Amino acid sequence: MLQDLDILEDWTAIRKAVASLGPHRVKVDVPAVKADRHHHVARSEEGRLFYNNQWYCRGQTICINRKDEYPTSAIITTINNDEVWFKRLDGTKSKLYISQLQKGKYTIKHS
């Protein structure tokens, strides 16, 4: 059996040897799931938003859901190529990026 001091000395020598080798890099294969990272279909066409097989346009009332938050009612004010502007019932304006809808960070539905 080794003494505690001998074990600690060996452990210290092993750690120093590993540290002197530098960072160990292993090439990791990218999983096929990366290509399917967008869970929802969302795109802008001619001033309208196509999201989850439904069309949304300026002036419509929507319900915006975000994980871990209460749903919010809002009115769409502008739809651009990469963002949707809306006005909440309290008068504040905000925007959602279409990429956020595609990734599922936010979801919307007709009110």
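Count residues from 1 along the sequence. Just so we're clear, the structure is a prediction, and the values are computed from it rather than from any experiment.
- Within the model, atoms CG of Asn52 and OG1 of Thr107 stand 8.5 Å from one another, a figure rounded to the nearest 0.5 Å.
- In this structure, the side chains of Arg88 and Ser73 stay at 4.5 Å or more apart for every pair of heavy atoms.
- Under the rule for a side-chain contact (heavy atoms from CB on, under 4.5 Å), the partners of Cys63 that lie at least two apart in sequence or sit in another chain are Asn65, Pro71, Lys109, Ser111.
- Applying the side-chain contact (heavy atoms from CB on, under 4.5 Å) criterion to Arg48, with sequence neighbours excluded, gives Trp55, Cys57.
- Asp90 contributes a side-chain N or O that, together with a main-chain N or O of Thr92, makes up a donor-acceptor pair within less than 3.5 Å.
- For the residue pair Arg58 / Thr77, no side-chain donor-acceptor distance below 3.5 Å is found, with atom types taken as modelled.
- Residue pairs meeting the side chain to side chain donor-acceptor pair (under 3.5 Å) criterion with at least one member in residues 1-16, sequence neighbours excluded, do not occur.
- The backbone N or O of Arg66 lies less than 3.5 Å from no partner atom in the side chain of Glu69, so there is not a single donor-acceptor pair.
- To the nearest 0.5 angstrom, Gln102 atom CD is 14.0 Å from Tyr97 atom OH.
- Leu96 belongs to a hydrophobic cluster whose remaining members, ordered by chain and number, are Leu49, Tyr51, Tyr56, Ile62, Ile64, Ile76, Ile79, Val84, Phe86, Ile98, Leu101, Tyr106, Ile108; membership requires side-chain heavy atoms of ILVMFWY residues under 4.5 Å apart, directly or through intermediates.
- Here the closest non-hydrogen pair linking Lys103 and His40 is C-CD2, 4.5 Å.
- Trp85 is linked by a ring-ring contact (aromatic ring centres under 6.0 Å, His included) to nothing, counting only residues two or more places apart in sequence or in another chain.
- Residues satisfying the side-chain contact (heavy atoms from CB on, under 4.5 Å) test with Lys93, not counting sequence neighbours, are Lys87.
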